[in-house]
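See below for the structure under consideration.
All chains are named by letter (A, B, ...) in the order of the sequence lines, taking the proteins before the strands, and each is independently numbered beginning at 1. Keep in mind it's a predicted model, so treat the numbers as computed, not measured.
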Amino acid sequence: MTDAAAATDTQSDTVQTKSMDDIMALCKRRGFIFQASEIYGGIQGFWDYGPLGAQLKKNLRDAWWNDVVMMGCNGQNGPNGKPVEIVPLDSCIIQNPKVWEASGHVAGFNDPMVDCRESKSRYRADHLMCLGEKGDKEGQIYAYVESDDDSYAAARKKLDKYKKRTLTDDEVDTCALTDLGADELAITVGPDAKEAGTLTEPRAFNLMFDTITGAIRDEANKVYLRPETAQGIFINFKNVVDTTRVGVPFGIAQTGKAFRNEVTPRNFTFRSREFEQMEIEFFCHADDAEAWYAFWRDWRMQWWQDLGLAGENLIMREHDRDELAHYAKEGAGTADVEYRFPFTAPGYGELEGIAHRTEFDLKQHQTHSKKKMEYHDTTRGEPLPNGQPKGEWYLPHVIEPSAGLDRGVLALICEAYTPDPDRASKVFMKFHPRIAPIKAAVFPLVKKDGMPEKANELRRELVQKFGRYGAIEFDEKQSIGKRYARMDEAGCPYCFTIDGDTMADGTVTVRDRDTQDQSRMPMADVAGFLAEKLGL
RNA sequence: GCGGGUGUAGCUCAAUGGUAGAGCGUCAGCCUUCCAAGCUGAAUGUUGACGGUUCGAGUCCGUUCACCCGCUCCA
């Protein structure tokens, strides 16, 4: 998360006034999200989706799948002036562990950490350096943070004070903290500590979950649950190229679960240990990477806005060069689509990252697997005598728009949550009709005079036409006000009510969730009305 | 991992160490021609879990689990 652009939030404080506790209570009450394993006391970092949540999540996933994959960025042309080509993939959660060695995750996800008992600080062990007087085996050693001048200066100062004199650079010896033995660690003073021996032994944080394949528990058969779906795409790059009539530039898209053993799962579903990603790896020539990066960055922002995350709660943030991931250092850049959640406000939390990963991943897999990953581009190269291009072999660059499905759902829920003291439910969920889990409700005004039968006719028609997009509710119990109120809390955009006039002239009342306005229309027009509202 | 807070019905919350309750919601019935109306009734709890002190623990103590906030972390 970041608090960039946080300074401009004074005019709209709608999000800040939304209580995350209230939102979580509604999620439980209406069956959007439950704590996983709740009856056994829960389990940290895992959440289950209830009936409404599951449908909401599916609607968001479907919207992504349809717009990205099936329609190739909603049918628009890419920067090359041609339709954007995307093909789907569904790769395994568990792969050969060498995949994660090649990707850097085995090394990167095992950073040993050191805690300081005195200052309560935590450091990455490989980021800590130590200094002491040359040749001194027993005097105190001072730890400092690598390439942090202030931290180094503080350590030097502490050393001088301990030795009661100012040491010259030549008299000082430095080494990595990870090279220290237990004895030496006991006489080491932490970067933010005054006393020696307050640093713990470096402890590995296993950020990848592992398990074991085969019937026998043998460490040699250790495998990992994927921490990102992306690698499944990279390792299938050649398969797709060889078996599908796609040519660079093109993308491979995939949705699926990923797992990260987060040190501190927090903020409802925002940082879960099991989560679902929606990832595109878009392959293009290095020369075109910058244009494609800009294209994806802009379109992905637009996409989230079109789903209802409009306004100033959504921002696009380009990363500073020094905070880029290792694979993106040399690229055109990385940008995040970020949403201002109640728990991040006035800062923002990441929904999707668009990164230029260069050719890093394909190169890694080419090196580790010793399989050629280069693409033969027959549209490039010098023209041959017969007029055809000579062709060019290269490792494509990758633009990766990687979105968090669960984070998207959470943002949609937070955005939709709208307190309204003037209405019966006191709150309603203002979901965009396209992603609303319940698309419409049909009510007989009273349970007599043939109204339930008539209402059932309409219900049946709507289920047949729209049931694949979401639920069509039918309710004949209790007062009409209660039924409207229930639908408000579930976020159903339109309710259709059959009354005495319906029996006489065939018109029904349509009630709008957001405005609470009511108007009449012929029952025969309802399906057309709903189709238009759902964007079908 | 550290510090602080919280945990009682589906939800929001009460309950001096002394019989576990209310409102809302849910369900059933009556009533009802457009916004949780009205009436009647019903179901729902090992008070997060385990242990201890006590004649007696939702309440006090210990441990543990989960959630929230602040650090930390987030290839």
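With hydrogens and angles left out, the side chain of A:Gln518 and the base of B:C34 share a donor-acceptor pair within 3.5 Å. Counting atom types as modelled, A:Asp499 pairs a side-chain N or O with a base atom of B:C34 as donor and acceptor under 3.5 Å. Looking at A:Tyr484, its side chain comes within 3.5 Å of the base of B:C34 through a donor and an acceptor atom.
The interatomic distance linking A:Asn261 (CG) with B:G1 (C1') rounds to 13 Å, in whole Å. Between A:Ile23 atom CD1 and B:C68 atom C1' there is a gap of 14 Å when expressed in whole angstrom units. Nucleotide B:C35 holds its P atom 18 Å from the CZ atom of A:Phe428, rounded to whole Å. Atom pair A:Phe34:CZ and B:A66:C1' shows a separation of 17 Å (rounding to whole Å applied). Distance CG (A:Leu445) to P (B:U32): 12 Å, rounded to an integer number of Å. Rounded to whole Å, the distance from CG on A:Asn267 to P on B:C69 is 5 Å. Remark: C1' of B:G10 and CG of A:Asp22 are 16 Å apart, rounded to the nearest angstrom. Whole-Å rounding puts the A:Arg30 CZ to B:A36 P distance at 15 Å.
Pair assignment for B:G45: none, as no Watson-Crick or G-U wobble contacts are both less than 3.5 Å. Across all strands shown, B:C71 forms a Watson-Crick or G-U wobble pair, both distances under 3.5 Å, with B:G1. Across all strands shown, B:C31 remains unpaired; no Watson-Crick or G-U wobble contact has both distances below 3.5 Å. Judged by Watson-Crick or G-U wobble contacts below 3.5 Å, the nucleotide B:C13 has B:G21 as its partner.
At a cut-off of 3.5 Å, with distance as the only test, a side-chain donor of A:Glu415 or A:Asn313 sits close to an acceptor on the other residue. In the model, A:Glu352 has a side-chain atom that pairs as donor or acceptor with a side-chain atom of A:Trp304 under 3.5 Å.
Considering only side-chain atoms of A:Ser479, the nucleotide from B:A37, B:C67, B:A75 that sits closest is B:A37. Here the side chain of A:Arg520 is nearest to one of B:A36, B:U12, B:C34, namely B:C34. The nucleotide whose nearest atom lies closest to any side-chain atom of A:Met451 is, among B:C11, B:U33, B:C34, B:U33. Residue A:Glu489 has its side chain nearest to B:A36 when only B:A36, B:C69, B:C35 are considered. Here the side chain of A:Val446 is nearest to one of B:U32, B:C34, B:C67, namely B:U32. The side chain of A:Lys28 lies closest to B:G10, out of B:A36, B:G10, B:A66. Looking at the side chain of A:Ser425, the nearest of the listed nucleotides B:C68, B:U33, B:A36 is B:A36. The side chain of A:Arg271 approaches B:C73 more closely than any other nucleotide in the set B:C67, B:U33, B:C73.
At a threshold of 4.0 Å, the pair A:Glu228-A:Arg357 counts as salt-bridged, since one of the basic side-chain nitrogens sits closer than that to a carboxylate oxygen. Ion pair A:Arg297/A:Glu318 flagged as a salt bridge, since at least one NZ, NE, NH1 or NH2 atom sits closer than 4.0 Å to an Asp/Glu carboxylate oxygen. The pair A:Arg486-A:Asp475 counts as a salt bridge, with a side-chain nitrogen and a carboxylate oxygen less than 4.0 angstrom apart. Taking 4.0 Å as the cut-off between side-chain N and carboxylate O, A:Glu276 and A:Lys57 count as a salt-bridged pair. Remark: A:Lys222 engages A:Asp210 in a salt bridge, criterion side-chain N to carboxylate O under 4.0 Å. Checked for salt-bridge contact, A:Arg520 and A:Asp525 miss the test: no charged N lies under 4.0 Å from a carboxylate O. Under a 4.0 Å N-O distance rule, the pair A:Arg513/A:Glu489 does not qualify as a salt bridge.
To the nearest whole angstrom, the two C1' atoms, one in B:G25 and one in B:G10, are 7 Å apart. The gap from the C1' atom of B:U63 to that of B:G70 amounts to 25 Å, rounded to the nearest Å. Taking atom C1' in both B:G62 and B:C71, one finds a spacing of 27 Å when rounded to whole Å. B:G17 and B:C60 are spaced 8 Å apart, taking the P atom of each and rounding to whole Å. Taking atom P in both B:C50 and B:U8, one finds a spacing of 15 Å when rounded to whole Å. Comparing B:U19 with B:U47, their C1' atoms are spaced 15 Å from each other, to the whole Å. The separation of B:A37 from B:C30, taken at their C1' atoms, amounts to 14 Å, rounded to a whole angstrom. Comparing B:G48 with B:U6, their C1' atoms sit 11 Å apart, to the nearest whole Å.
Between A:Met24 and A:Ile498, the residue anchored closer to the 5' end of RNA chain B is A:Ile498, taking for each the nucleotide with the nearest heavy atom. When each of A:Glu476 and A:Gln516 is assigned the nucleotide of RNA chain B with its nearest heavy atom, A:Glu476 is the one assigned upstream, toward the 5' end.
Of the listed residues (A:Lys430, A:Arg511, A:Lys482), just one forms a salt bridge (charged side-chain N to carboxylate O under 4.0 Å, His left out) with A:Asp488, and that residue is A:Arg511.
As judged by a 4.0 angstrom heavy-atom cut-off over every strand, A:Gly31 is placed among residues making no nucleic acid contact. Contact annotation for A:Asp449: base contact, defined as any heavy-atom pair under 4.0 Å involving a base atom. Residue contacts shown for A:Arg266 include a base, since a base heavy atom lies under 4.0 Å away. Within 4.0 Å (heavy atoms only), A:Glu38 reaches no atom of the nucleic acid at all. Contact annotation for A:Phe268: backbone-only contact, meaning every heavy-atom pair under 4.0 Å involves sugar-phosphate atoms and none involves a base. In this structure, A:Arg511 reaches the bases: a heavy-atom distance under 4.0 Å links it to at least one base atom across the strands shown.
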Give the B/S/- string for nucleotides 22-31 of chain B, one per nucleotide from 5' to 3', where a protein heavy atom under 4.0 Å of the base yields B, of only the sugar-phosphate yields S, and otherwise -. ----SSS---

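Taking the ring centre of A:Phe428 as origin, the terminal cationic atom of A:Arg423 falls inside the region bounded by 6.0 Å and 45° from the ring axis.
For B:C65, neither phosphate oxygen OP1 nor OP2 lies less than 4.0 angstrom from any side-chain nitrogen or oxygen of A:Gln44.
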